[in-house]
Colleague: 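Handing you this structure, nothing more for now.
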Amino acid sequence: IGSSRISGIKSAVHLLDSMNKSFAAVGPAASLTDDDLGIFELAARVGLQWMWADAAILPGLEGLAQHNPFRWTTLEPKFCHEWAADLRSEKERRPVTTRVPGVDETSRRFESAQAAARWVEDCAALLDPVMTNEMLAAQDPTCCFPEYWLHSGNPNQFKDAILLPVDQFKPFEELFQQTYRPISTRDRPCPAKPPCEEANKRVPGGCKCARPDGNPGLPKAYQVCQVLRIEDSALWKDYVARRCQIRQLRRGRGNNIASMKEVSQEPAFTSAITREEPQAFAPQDEGTSEMYLFHGTNVRSALRIASEKIRLNLSKTEGGLGPGFYLAESVTKADEYASDTAGPGLEEPDEYYAGVFAMLVMRVTMGRIYPSDHFFSNDGEKAQVMSTVLEKREYDSVLGDRRAKANTFREFCVYDESQVYTEYVVLYERVYADAEYGYASFAVLRGPSSAAVFSFQVPPYWNNFSKNPSEELFDEETLLRPRGVAFVQRMMCWLGIGSPDVSSATRLENSDVLQEYVQTKRKIRETLEEKGRLPPPESAWKLVLPDERLHEFELESQACGFSLQHFEQDVNEVFLWAPVQLNANGELPSIREAAERTRQTCTLLTNAREALDQSGQTAQKEQGLLLCRAVCGELAMEGSATGADSKVTDLGDGKWCFELMHPGGYQVYPEILACLRLP
């Protein structure tokens, strides 16, 4: 609420407080008298129009909160129009944050008061109680999320990045293959190192190095490295609400479903795959021209979308179709805007993700589409189209069909961030005619006798997933979420502890310790390659979990990110257990204290029960176990450990003890401290 409205609110509180009992008795279907409406209008004019959706924050106005006037059938749209008029009168162009009446309980941020005014005008269409019920039904958490989501049916708020297993990559590989077109445009950067003399001239078809017959040329394909599914309850409900609003707005203006389709009889390239793969792509609503489209970006930006509670601004202010979100139906076109840099506007490749690019697979509600076979080159034409789309709201999006005139691509543009939902982040490599060109430097591991394996710089289930630990330092203790705790408990059951009661589990996220661990892992890999022993003949995983448990482990660990995909098995990277000793006060230590002690001893166990037997017990009979990552490298199974990275001792009954040989404790990353009691 702006400070200028405070005095008006104070002067109206006594009026509304006296009306509280009568308003509370009025049901949503009741008719208000002219006097009632007059009093409402009076209150609105003295500054309370912004308060109706938030009535519960004023003392004594619970009745207004229960019976929101913006959902009463008798409330006239003229109040929304007056509200919008007030917003349009704002001369200063500054961001505005406001609530949307009768739609949801979230605030919206607009670039200007004028943009907010356009939205409020649309809200007038939502006063229909049928629309209100439709909106609420569409946002019902028991049924609104896609069935294949891990959180489908979850009534709580959530934000999660789900790592897909390799056997679920096929729909995305097909999506890339089917939408690939061997065409380059002026928007494709020069791939040569260093760039050629045409690199910055934006010549039609792109520079000579980027064309299909150039050197290194246009990528001939794209190799999927990793796929993350974004499950975000707030942004999904926001998206669903906007889709409902567009449907209702078009009904109210006489734009029926057929008129949304008339712009283009040919569906998006992506539709051929997304409609045939329901296990990966939820059904699209043809009535609002819903489809899946691509947006290329860099890995760091994509990982921020996946890991942080943000909606990244992907709009272009000076684009040929106006200031909006630009999307493509062809992976080749979207790839022109992807980069392997550390962020937008940077030129040097990312320190770790060089050679890896990011593609956002986005669910988009296009609504009624304004067609154009060209980009808007002059300000007059662009202003006229933007007025039609953004101010008059006659259209919801624009299609720039350069394929019709220039035989290149169609580009799609929407102007409201809630018309798109980023459902997948696909990390990929460009494949050139020269097989050695463009390979990723660190993120994709290629051994002499094993397939390429993608490796994240920071584990994807960490809070600091998107950061570069060498530049963005972090040191956090994070409580595991319930399903993470449940998985740790399951691991203990598999490894002989029975049914422990895990009261808490804490994860250590420390950039310095992680860097030391990763650098040691890299040195071990290089040494094994020089010896010709990559991967080592002995498998550490076979000592940690029996074969019958490995598959079960992978299935259950996928849901909480602690997947086998995050372990570099060709250098014998595994998880092991360390006992936890009590501190001087007879209490369990912090995870930092336990981690430092483990790095000093470097002795770890495969069996959780064995580790627990060596752990201290508090007066409350609570014990601790430390779950660690360890890169074991070449194993010495018996006899001399000279030249080996780890010495392994058989304790009998399938139990093994690992002694890590490298000094400094850098072979181990103590990750999770579990506090438990035995039944």
Colleague: Which pair of heavy atoms, one from Leu660 and one from Ala630, lies closest together, and at what distance?
Modeller: CD1-CB, 4.3 Å

Colleague: Can you tell me which residue among Arg242, Arg363, Arg275 is in a salt bridge (Lys or Arg N to Asp or Glu O under 4.0 Å) with Glu290?
Modeller: Arg363

Colleague: For residues Tyr292 and Ala282, report the shortest heavy-atom separation together with the two atoms involved.
Modeller: OH-N, 3.3 Å

Colleague: In terms of side-chain heavy atoms, does Gln667 have a donor or acceptor partner in Arg629 at a distance below 3.5 Å?
Modeller: no

Colleague: What distance separates Glu529 CD from Asp570 CG, expressed to the nearest 0.5 Å?
Modeller: 8.5 Å

Colleague: Between Phe412 and Tyr326, does the ring pair (Phe, Tyr, Trp, His ring centres under 6.0 Å) criterion hold? Intermediate values first, please.
Modeller: CA-CA 6 Å; Phe412 302 74; Tyr326 286 71; over 10 Å; no

Colleague: Is a donor from one side chain sitting under 3.5 angstrom from an acceptor on the other, for Thr274 and Gln284?
Modeller: yes

Colleague: Do Tyr666 and Tyr517 make the cut of ring centroids closer than 6.0 angstrom?
Modeller: no

Colleague: Would Ser590 and Glu477 count as having a side-chain donor-acceptor pair, cut-off 3.5 Å?
Modeller: no

Colleague: Does a donor on one side chain and an acceptor on the other come within less than 3.5 Å for Tyr337 and Thr297?
Modeller: no

Colleague: Evaluate side chain to side chain contact (heavy atoms under 4.5 Å, CB included) for Trp149 paired with Trp236, printing each intermediate quantity in order.
Modeller: CA-CA 12 Å; Trp149 277 22; Trp236 178 261; 4.0 Å; yes

Colleague: Enter the distance from Arg243:CZ to Asp285:CG here, rounded to the nearest 0.5 Å.
Modeller: 5.5 Å

Colleague: Apply the test side chain to side chain contact (heavy atoms under 4.5 Å, CB included) to residues Gln623 and Val580: give CA-CA distance (whole Å), side-chain angles for both, the deciding distance (0.1 Å), then the verdict.
Modeller: CA-CA 8 Å; Gln623 293 178 274; Val580 175; over 6 Å; no

Colleague: Checking Phe145 against Phe158 for the ring pair (Phe, Tyr, Trp, His ring centres under 6.0 Å) test, could you report, in this order, the C-alpha distance in whole Å, the side-chain angles of both residues, the deciding distance, and whether it holds?
Modeller: CA-CA 12 Å; Phe145 305 121; Phe158 54 83; 5.1 Å; yes

Colleague: With a 4.0 Å cut-off, would you call Arg188 and Asp335 a salt bridge?
Modeller: yes

Colleague: Could you tell me if the side chain of Leu543 sits less than 4.5 Å from the side chain of Phe658, heavy atoms only?
Modeller: yes

Colleague: Cation-pi check for Phe357 against Arg430: NZ or CZ below 6.0 Å from the six-membered ring centre and within 45 degrees of the axis, yes or no?
Modeller: yes

Colleague: We want to know whether Glu573 and Trp541 form a side-chain donor-acceptor pair, criterion being a heavy-atom distance below 3.5 angstrom.
Modeller: no

Colleague: For Tyr428, run the ring-ring contact (aromatic ring centres under 6.0 Å, His included) check against Tyr180, Phe454, Phe169, Phe176 and tell me which one passes.
Modeller: Phe176

Colleague: Between Asn572 and Cys632 (side chain of the first, backbone of the second, donor and acceptor by atom type, cut-off under 3.5 Å), is there such a pair?
Modeller: no

Colleague: Got Leu360 and Ile305 here, is their nearest side-chain heavy-atom distance under 4.5 Å?
Modeller: yes

Colleague: Is there a donor-acceptor contact under 3.5 Å linking the side chains of Glu277 and Gln279?
Modeller: yes

Colleague: Does Arg229 pair with Glu423 as a salt bridge, N-O distance under 4.0 Å?
Modeller: no

Colleague: Using only heavy-atom distances, determine whether the side chains of Ser470 and Glu351 contain a donor-acceptor pair under 3.5 Å.
Modeller: yes

Colleague: What closest approach, in Å, do Arg599 and Val513 show between heavy atoms, and which atom pair accounts for it?
Modeller: NH1-CG2, 3.7 Å

Colleague: Where does the angle between the aromatic ring planes of Phe456 and Tyr353 fall among parallel (under 30°), tilted (30 to 60°) and perpendicular (over 60°)?
Modeller: perpendicular

Colleague: Would you name the heavy atoms of Ala302 and Ala358 that are closest together and state the gap between them?
Modeller: CB-CB, 3.6 Å

Colleague: Please test Val426 against Phe294 for side chain to side chain contact (heavy atoms under 4.5 Å, CB included), starting from the C-alpha separation and ending with a verdict.
Modeller: CA-CA 10 Å; Val426 182; Phe294 298 115; over 6 Å; no

Colleague: Run the numbers on Ser339 and Thr341 for side chain to side chain donor-acceptor pair (under 3.5 Å), then give the verdict.
Modeller: CA-CA 6 Å; Ser339 77; Thr341 63; 2.9 Å; yes

